[in-house]
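Okay, structure first, notes after.
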2 protein chains.
Amino acid sequence: MPVTSPTTFRTTYAEIAAKAGVSRATVSRVLNGDDRVNSDRAKAVIEAASKLGYRTNRAARALSTGRTGQIAVVIDDSPNVLSDPFWGVVLAGISRVLMVHDIHSVLMVSQLESEDSPIANYLEGGDVDGAIFLTVHKEQVVHSLVKKGLPVVVIGTPIDLKSDIVYVDTDNRLGAELATKHLLGSGCKKVATITGDISAVAGIDRLEGYKAAHKSLGHEFNPDLVAYGDWSFENAKTLTLRLLARNPDIDGIFAANDTMALGVMAAIIERGRMVPDHVAVVGFDDNLMAQTHRPGLTTIRQDIVGLGAAAAESMLAILQGETPVPKILPTELVLRESA
Amino acid sequence: MPVTSPTTFRTTYAEIAAKAGVSRATVSRVLNGDDRVNSDRAKAVIEAASKLGYRTNRAARALSTGRTGQIAVVIDDSPNVLSDPFWGVVLAGISRVLMVHDIHSVLMVSQLESEDSPIANYLEGGDVDGAIFLTVHKEQVVHSLVKKGLPVVVIGTPIDLKSDIVYVDTDNRLGAELATKHLLGSGCKKVATITGDISAVAGIDRLEGYKAAHKSLGHEFNPDLVAYGDWSFENAKTLTLRLLARNPDIDGIFAANDTMALGVMAAIIERGRMVPDHVAVVGFDDNLMAQTHRPGLTTIRQDIVGLGAAAAESMLAILQGETPVPKILPTELVLRESA
DNA sequence: TTGAAAGCGATACCAC
DNA sequence: GTGGTATCGCTTTCAA
C-alpha cells in the first residue's frame, strides 16, 4: 500500500459555514444551487467559499450521494487498438463533453473476455456511474452489465439490435455505398472490396454498402471480388495480393478502413501497378494516415470526434433518466489522389 | 443534476462482519492484509467476503484515507494531439501498469494554459493522488503543482533540468545521432534536418544528435541545412520544399518524427524526385504510419509503451515515498526502404 | 489480537 | 428559509 504525504490542505463546509455565519446545511444548499436561500446569505457563502479556495471533495460527495461523477471508458486491449489513431480521437471527443459536465473519464484498457473478468467485476462495483465501450467487446458481457443496471453506451452497432443497448455509430452502410459508387461511377469496371472484421456490425454494414452500390448502379455483385479482412494493414496487403493474382483486371478496390487501404496500395505497388492509374483505391475513416500518404487516399470521412461526443451525450441522457435513441452519424466522401 | 436509479446493491463490512462473527475493524484488517489477525478468523472473513461478493467502495476508502487510488493523465488538447497514434500507445502503457496496482487513470484532455486554469485547479483539488503529463505543457504550471505537493511525472524532459520534476524520456539525442549517422554512413553527402518544436527539449535534443553525428563523422555542420519545424506534416512538407529549392543537392533528410518524415517524402515526390534514390529519409518514432507508408520509412524506434509504463512506475515510486531518478529509454534504428 | 468508536466531508431528512 | 444531525462505508486510533 502506498504511503504518501497527506493530501494538500482542503477547505470544508465547516469553515465556509463559520466564515459566512451560516450552517453547513446552508452552505450545501448554496453550493448546489438550491433557490430557497436568502440571497444575502447565499452571497456570503459564495464569497467565503471562493476566498477560502473551496474545492469539493468528490469522494465525500460520492459516498453521500451514491454517484461518483465518473464514467469508465473501456477500450479493448487487443494488439494495438490504441495504436490506431481512430480511438484516440474518439477518446478526446468523449472526454471533452463529459468534462464540461464535470464528469471524469476513467480509462480502462483491458480485455473483457468473460462476465467475471476483472473489468466487468469492477464496472459492477459502483465506482463509476456508467461505462462507454469503444468497440463492442464480448457483447454478452455488455448485456449482462446493462441488465445489472449499469448505464452503458457502446460505440458501434451491437449485433443484437433488439437488445436494449444504447449505441452510437457512423452510417457505415451509406458510407461504403458512397465509396463504392465513386469507384464505379468514375469508370472502374471491376471493383473489389477488402472487408473489415465481419463479426462486427461495422464490417458487415460496409460490405452491405458495397453490395448496395453495385445493385443501385446496375452492376452485378461478384462474390469472388470480396476478401474478408480484419482491419489490419498486413492482412489487407496479403489479401489484395491474392485478389490481384486471381483477378488481374481488378481496377478498383474499396477497403473498409484506411489502414487496410494502405495495405491495399502497398500490395498494388508491390505488384508493379499504379494507384490510381491501374487500380483506384478508396478507404474509410479519413484518419491522419489517409492525409499523409502519397498518393493521398480518397476515403470516407466519419466524424470521429463527433462519435465520441455523441456517446458522451447519450451517456449524460441516460444518467438523466432518459432513454436515448441510437445516433447514426453521417459520412462524407473526401477526394484525394487514390481514386 | 443527474437523477439516477440507486447504484447496484453493495455488500459492506458490516455484513461481512456479521457473517464471519467478527468486528468491522477486523474485517478491515484482514481485507487490507494486516498480519496480526487470528488466521481462523481471517479465513472466515475472506470466505464471507467472497461469498457475499464484496467489492470495496473506493469513495469511502478515499474519504477515510485521503488517497483516491486515481492518477490523472493530462493530455494537451492542442490541434489533434490525440490523432497522433503516439499518445494513444503511451496511454495504454500507463494504464496497464497502474491497473495492475489497482490505480485508475483519469483522462483529462484539456489545455493547461495558466496556473489557475480549470485543470490545474482540479489537480490541486485532491481528487487524484498524482498527475502524469503527456507533453510538457506550460512547464510553469507543472512546477507550481509540484511545489504544492502533488506527485507529478512528466513524459518528456523538462527544460529546467535543475527543477525537481520527475520525468521519463526517450534518448532523443542518441536516437537522432543514430539516424543521422545512418544517412551519413550510407553515402549521403548533404544531410538536412527538419527539427521538431525547438521549444521542447525533445526538439532540441534531436537537433543536437544531428549535430553530434556530423561532428563525430567529420562532417561540417551547416546551419543552412536546418529547418525548424513543429512536428506537423504540412509544415514539414513546406519546409522541405523550401530546403530543396535552396539546396538542390541535398541527398538525405532526418525528420525529427515520423509524421514530419512523411511530409518530407511528400515534398520530395512533389519535386519529382525519388526516395531514397535522390534523397534518403529517416524519421523518428516508428509508429504505424512508418510501417504502412510506401516506401517504408527507415526510422528510429522508441519504446512507446515502455515510455508510458516507465512513467507509471515512476509515479508508483513517488507514491511510495521514493524519489525516482529520470528514466531515459534507449532507441533503435529500424531499416526500411527510405534510407 | 480484537472491538468500540471517532472521524473523513458532503448530503438530505426532519424540525422549527 | 434555516439549522441540527444522522448517514454513506471504510480506516484507524485507543483500550482492553
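Order of the sequence lines sets the chain letters (A, B, ...), proteins ahead of strands, with each chain counted from 1.
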Rounded to whole Å, please give me the gap between [atom1] in [X] and [atom2] in [N].
X	N	atom1	atom2	answer
A/Asp102	C/dA10	CG	C1'	15 Å
B/Arg36	C/dG3	CZ	C1'	13 Å
B/Arg58	C/dC8	CZ	C1'	18 Å
A/Leu31	C/dT11	CG	C1'	12 Å
B/Leu63	C/dA6	CG	P	17 Å
B/Asn57	D/dG9	CG	C1'	6 Å

For residues B/Asp127 and B/Thr68, is any side-chain donor paired with an opposing acceptor at under 3.5 Å?
-> no

On the nucleotide [N], are OP1 or OP2 found under 4.0 Å from the side-chain N or O atoms that [X] carries?
X	N	value
A/Arg61	C/dG9	no
B/Thr12	D/dG9	no
B/Tyr13	D/dT11	yes
A/Ser23	D/dG4	no

Per atom distances to the B/Val22 side chain, the nearest of C/dG3, D/dG9, C/dT11 is C/dG3

Of C/dT1, D/dT11, C/dA10, the nucleotide closest to the side chain of B/Ser28 is D/dT11

>> Using the ring centroid of each side chain, check whether A/Tyr13 and A/Tyr54 are separated by less than 6.0 Å.
In response: yes

* Close side-chain approach of A/Arg58 and A/Asp102, heavy atoms under 4.5 Å ->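 Result yes, sub-4.5 Å side-chain heavy-atom pair found.
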
Self-check item: Side-chain heavy-atom pair A/Ile119, B/Met99 within 4.5 angstrom cut-off
Solution: yes

Which part of the nucleic acid, if any, lies within contact of A/Val27, taking any heavy atom under 4.0 Å across all strands shown: a base, the sugar-phosphate backbone alone, or nothing? nothing

- Query: Contact class for A/Thr26 vs. all strands (heavy atom < 4.0 Å): base, sugar-phosphate, or nothing?
  - Reply: sugar-phosphate

Is there a donor and acceptor pair, one atom on the side chain of B/Arg29 and one on the base of C/dG3, closer than 3.5 Å?
yes

Please answer whether the main-chain N or O of A/Gly69 pairs with a side-chain N or O of A/Asp129 as donor and acceptor at a distance below 3.5 Å. yes

Start at the 5' end of DNA chain D and walk down; is the nucleotide closest to A/Arg41 or to A/Arg24 reached first?
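On the 5' side of the pair lies A/Arg41.
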
